[in-house]
There are 2 protein chains.
Amino acid sequence: MAQNEKITINDIARRTGLSKGTVDRVLHNRGEVSRKSYARVMEAIQELGYEPNVFASLLAKGKKHLIAILLPAHEPGTFWDLAVSGIALTTDSVTSASLETKLFEYDQYDIDSFRTASAAVLEAAPSGVVLAPMFQEATQAVTEQFQARGIPYCFIDSRPESNGYLAYFGMPLHKSGYLCADQLTRGQDISSVLIIRVRRDRYQQSDPTVNRRAGFLDYMLEHSPECKIDNVFIDPNDPAGIDQVLESYFTGHPDVHHIVMFNSRIHLVVPFLRRHPDPGRRVVGFDNLKANMEALRDGTVSVLICQRPEEQVRLAIEALAEHAILGKIPPRKDHFMHMDILTRYNVEDY
Amino acid sequence: MAQNEKITINDIARRTGLSKGTVDRVLHNRGEVSRKSYARVMEAIQELGYEPNVFASLLAKGKKHLIAILLPAHEPGTFWDLAVSGIALTTDSVTSASLETKLFEYDQYDIDSFRTASAAVLEAAPSGVVLAPMFQEATQAVTEQFQARGIPYCFIDSRPESNGYLAYFGMPLHKSGYLCADQLTRGQDISSVLIIRVRRDRYQQSDPTVNRRAGFLDYMLEHSPECKIDNVFIDPNDPAGIDQVLESYFTGHPDVHHIVMFNSRIHLVVPFLRRHPDPGRRVVGFDNLKANMEALRDGTVSVLICQRPEEQVRLAIEALAEHAILGKIPPRKDHFMHMDILTRYNVEDY
DNA sequence: AAAAATTCCGTTACCGTGCACGGAAATTCA
DNA sequence: TGAATTTCCGTGCACGGTAACGGAATTTTT
């Protein structure tokens with residue numbers, strides 16, 4: 001409070017009778033300092049409450065830190081497209097002057113492309129990496145490389161069992177399924193629900209929808225144990241097939257009104273739903289894709305549960321930046337983000 | 001992309017055959033430069049794509065910018081307490097090295113204390129001010145002072161008619177009332193609602209609840225025109241009185257189940273509601289005060305509509321910082337923030 | 001005890017801008 | 001035309017920290 005003047009390494013040098021070169025050496029403990037001098041400097045730092053000047057430091061070393069972002073290809077209108085848009089959110093022009101971000105993309109259905117992309121990341125020798133764990137073993141493999149090279153990394157979206165990451169930013173998956181069920185049923189008893197699922201591929205992937213579904217089922221078991229729960233599977237790349245599947249299901253089950261989908265692709269079934277309106281129907285999906293929000297606006301979808309993937313990316317980048325530039329490590333590892341409930345009445349300003 | 005090396009004012013000096021002193025003069029156009037030289041420098045800046053090095057600049061001038069925050073006193077558990085907690089969110093340690101924030105508080109029921117606080121802000125000659133418009137004319141008066149002195153300012157929470165502010169961060173008020181009604185009724189017809197209001201004081205204050213109520217009534221008019229809407233008034237400082245008012249209202253109107261309140265004080269009526277449970281009741285309030293969230297958890301309150309006042313403060317500070325440090329002006333003035341819907345199932349990670 | 005090797009430490013040249021000072025060049029005045 | 005101004009512009013130090021370089025002091029070797 002009182003003493004306004006920031007104290008510098010020169011002050012410490014003077015105080016200890018040493019030179020700023022020596023002070024600098026102990027600050028970055030890069031050796032070549034006697035025990036005695038080391039102790040004296042540390043003491044002075046304590047006493048005077050020295051704090052390094054970030055600007056001077058950054059200016060002097062003039063290094064640009066590279067943050068690598070390793071994500072599935074962001075085809076327009078997909079979840080990963082949202083995530084990627086968060087890179088630009090690293091708004092802070094000051095910080096960003098010493099930060100460079102580079103996006104490494106891969107095909108989320110092709111493990112080899114992931115391996116190639118990982119290799120490229122390692123090649124680039126970044127100061128930090130943001131990634132989503134898609135392929136379990138391959139992710140494990142690459143993060144071990146990161147650790148071996150002392151490269152910090154953050155997970156977004158979901159999180160593997162491992163433990164070496166700097167931080168994780170994502171939605172509490174099980175809870176999100178629970179919330180989803182509550183929004184669908186509005187806390188009232190319902191008699192039937194249809195879960196629409198996407199058939200997964202051969203590789204063992206980390207799949208957030210598993211936990212969501214579990215949360216959903218837990219809620220239903222507690223609140224609507226009588227409720228009949230059906231599952232149908234669709235193929236994202238076959239719109240005609242989707243229509244067929246739904247058509248045949250609903251002709252067989254005219255009494256089913258409610259629909260949920262635990263991934264971001266609720267928009268895939270929207271065309272069908274538009275053609276077959278049902279005033280008693282409720283539809284809940286996930287993630288604020290453009291197409292999903294459109295469906296929310298016109299009432300085809302009742303509720304979307306969203307997790308701000310852009311924010312997750314932004315926060316991950318910031319955590320890595322703080323680590324790289326200032327050597328800070330975030331107090332918490334796991335950051336469970338708020339689950340946003342979107343309806344047609346609050347979708348506009350999202 | 002290709003040329004990696006950042007170009008500096010020295011490069012420009014060399015290119016133009018002038019000295020860096022001159023280049024610096026045109027960069028900050030502080031005169032003492034001939035037309036011809038000025039033009040040449042500008043041209044070179046264009047051609048080479050010069051961008052100043054923020055760190056060097058900040059280091060050289062070494063000035064700490066002061067951002068003043070002018071808000072109602074943040075008594076624990078109030079809305080303004082939340083807002084104030086956002087000051088600490090100016091997380092970016094790099095930026096914050098050149099930023100200093102100072103909180104100026106006043107009594108939101110005492111216009112003189114506001115005047116005193118405003119005077120103190122002017123006294124401090126800050127590089128920017130964050131404020132919420134409580135007293136209309138007094139706010140007008142002080143912002144005129146800011147403009148006269150070239151001090152940029154941002155509004156949060158709500159926004160007066162005037163026009164000289166740098167940016168505004170807040171909830172779309174009318175829409176929030178609309179949303180509130182939808183959450184209360186769940187889109188279904190209801191027959192009656194009770195609006196609980198706080199009697200306002202003598203001074204003409206900027207009152208966000210007016211717009212919210214308007215939005216609410218608009219919704220009801222559209223969706224439940226038959227609905228009977230009652231109003232009662234309570235005094236925040238008289239708990240016993242609150243109980244009396246509610247007691248007498250509900251004994252007279254046992255058929256009324258639904259309750260809304262358009263300010264952050266829904267927690268005031270929670271004790272009464274807890275003592276008089278009603279399974280058919282729905283209660284909607286605003287803002288994530290601790291007490292409100294508690295009531296959400298135990299089911300006394302059904303839904304809270306929240307606006308992240310901390311984020312508003314953070315964003316306002318960041319906007320001012322960018323302006324003060326880098327001279328940037330934000331692209332948009334008005335930032336309507338997303339309205340968060342909180343239920344017992346997503347309140348935990350908020 | 002002298003030479004060789006280590007361990008420590010001070011000096012110094014930057015990093016890119018900001019800014020004060022003083023002087024050269026151009027202009028105005030007498 | 002020479003002096004007095006006014007316009008312009010270059011020089012140089014400061015900001016706080018980084019890191020290479022080389023030398024003094026100390027320790028180890030022969």
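Per chain, numbering begins at 1; letters A, B, ... match sequence-line order.
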Protein and nucleotides 14-17 of chain C: nitrogen or oxygen contacts under 3.5 angstrom:
| residue | atom | partner | partner atom | Å |
| --- | --- | --- | --- | --- |
| C:dC15 | O2 | A:Ala60 | N | 3.4 |
| C:dG16 | N2 | B:Ala56 | O | 3.4 |
| C:dT17 | OP1 | B:Tyr50 | OH | 2.7 |
| C:dT17 | OP1 | B:Asn53 | N | 3.2 |
| C:dT17 | OP2 | B:Ile9 | N | 2.9 |
| C:dT17 | O5' | B:Tyr50 | OH | 3.4 |
| C:dT17 | O4 | B:Lys20 | NZ | 3.0 |

#### Entry: Atom-pair distance (CZ on B:Arg35; C1' on D:dC9), nearest Å
17 Å
#### Entry: Backbone of A:Asp157 reached by a side-chain donor or acceptor of A:Tyr168 within 3.5 Å
yes
### B:Glu105 versus B:Ala117, closest heavy-atom pair with distance
O-CB, 3.8 Å
### Query
Are B:Phe114 and B:Tyr106 near enough that their ring centres are under 6.0 Å apart?
yes
### Query
Once you round it to whole Å, what is the distance between P of C:dC19 and CG of B:Asn29?
13 Å
### Task
Ignoring hydrogens and angles, tell me if any N or O in the side chain of A:Lys333 forms a donor-acceptor pair with the backbone of A:Asn163 under 3.5 Å.
yes
### Query
Expressed in angstrom and rounded to an integer, what is the separation of B:Arg14 atom CZ from D:dG10 atom P?
14 Å
### Query
To the nearest angstrom, how far is B:Lys64 atom NZ from D:dC15 atom C1'?
15 Å
### Task
For A:Ser162 and A:Gly164, indicate whether the former's side chain and the latter's backbone hold a donor-acceptor pair under 3.5 Å.
no
### Task
Using atom CG of A:Asp11 as one end and atom C1' of D:dC15 as the other, report the distance to the nearest whole Å.
13 Å
### Query
For B:Ile12 and D:dC9, what is the distance between atoms CD1 and P respectively, to the nearest whole Å?
15 Å
### Query
Would you say D:dG10 has OP1 or OP2 under 4.0 Å from some side-chain N or O of B:Ser19?
yes
### Query
Between A:Glu318 and A:Arg314, is there a side-chain N and carboxylate O pair less than 4.0 Å apart?
yes
Under-3.5 Å N/O pairs linking protein and nucleotides 20-28 of chain D:
none

### Task
Check whether any side-chain nitrogen or oxygen of A:Thr22 sits under 4.0 Å from OP1 or OP2 of C:dC8, and answer yes or no.
no
### Task
Output yes when a side-chain donor or acceptor of A:Ser57 lies under 3.5 Å from a complementary backbone atom of A:Asn53, and no otherwise.
no
## Note on the structure
To the nearest angstrom, the CG-C1' distance between A:Leu48 and D:dG16 comes to 16 Å
### Task
Step through the shown structure and confirm whether more than 12 heavy atoms of other residues, nucleotides or ligands are within 6.0 Å of CD on A:Glu51.
no
### Query
According to the interplanar angle, ranging from 0 to 90°, do the rings of B:Tyr153 and B:Phe146 count as parallel (below 30°), tilted (30 to 60°) or perpendicular (above 60°)?
tilted
### Query
Between B:Ser37 and D:dC9, is there a side-chain N or O to OP1/OP2 distance below 4.0 Å?
yes
### Query
Which part of the nucleic acid, if any, lies within contact of B:Leu18, taking any heavy atom under 4.0 Å across all strands shown: a base, the sugar-phosphate backbone alone, or nothing?
sugar-phosphate
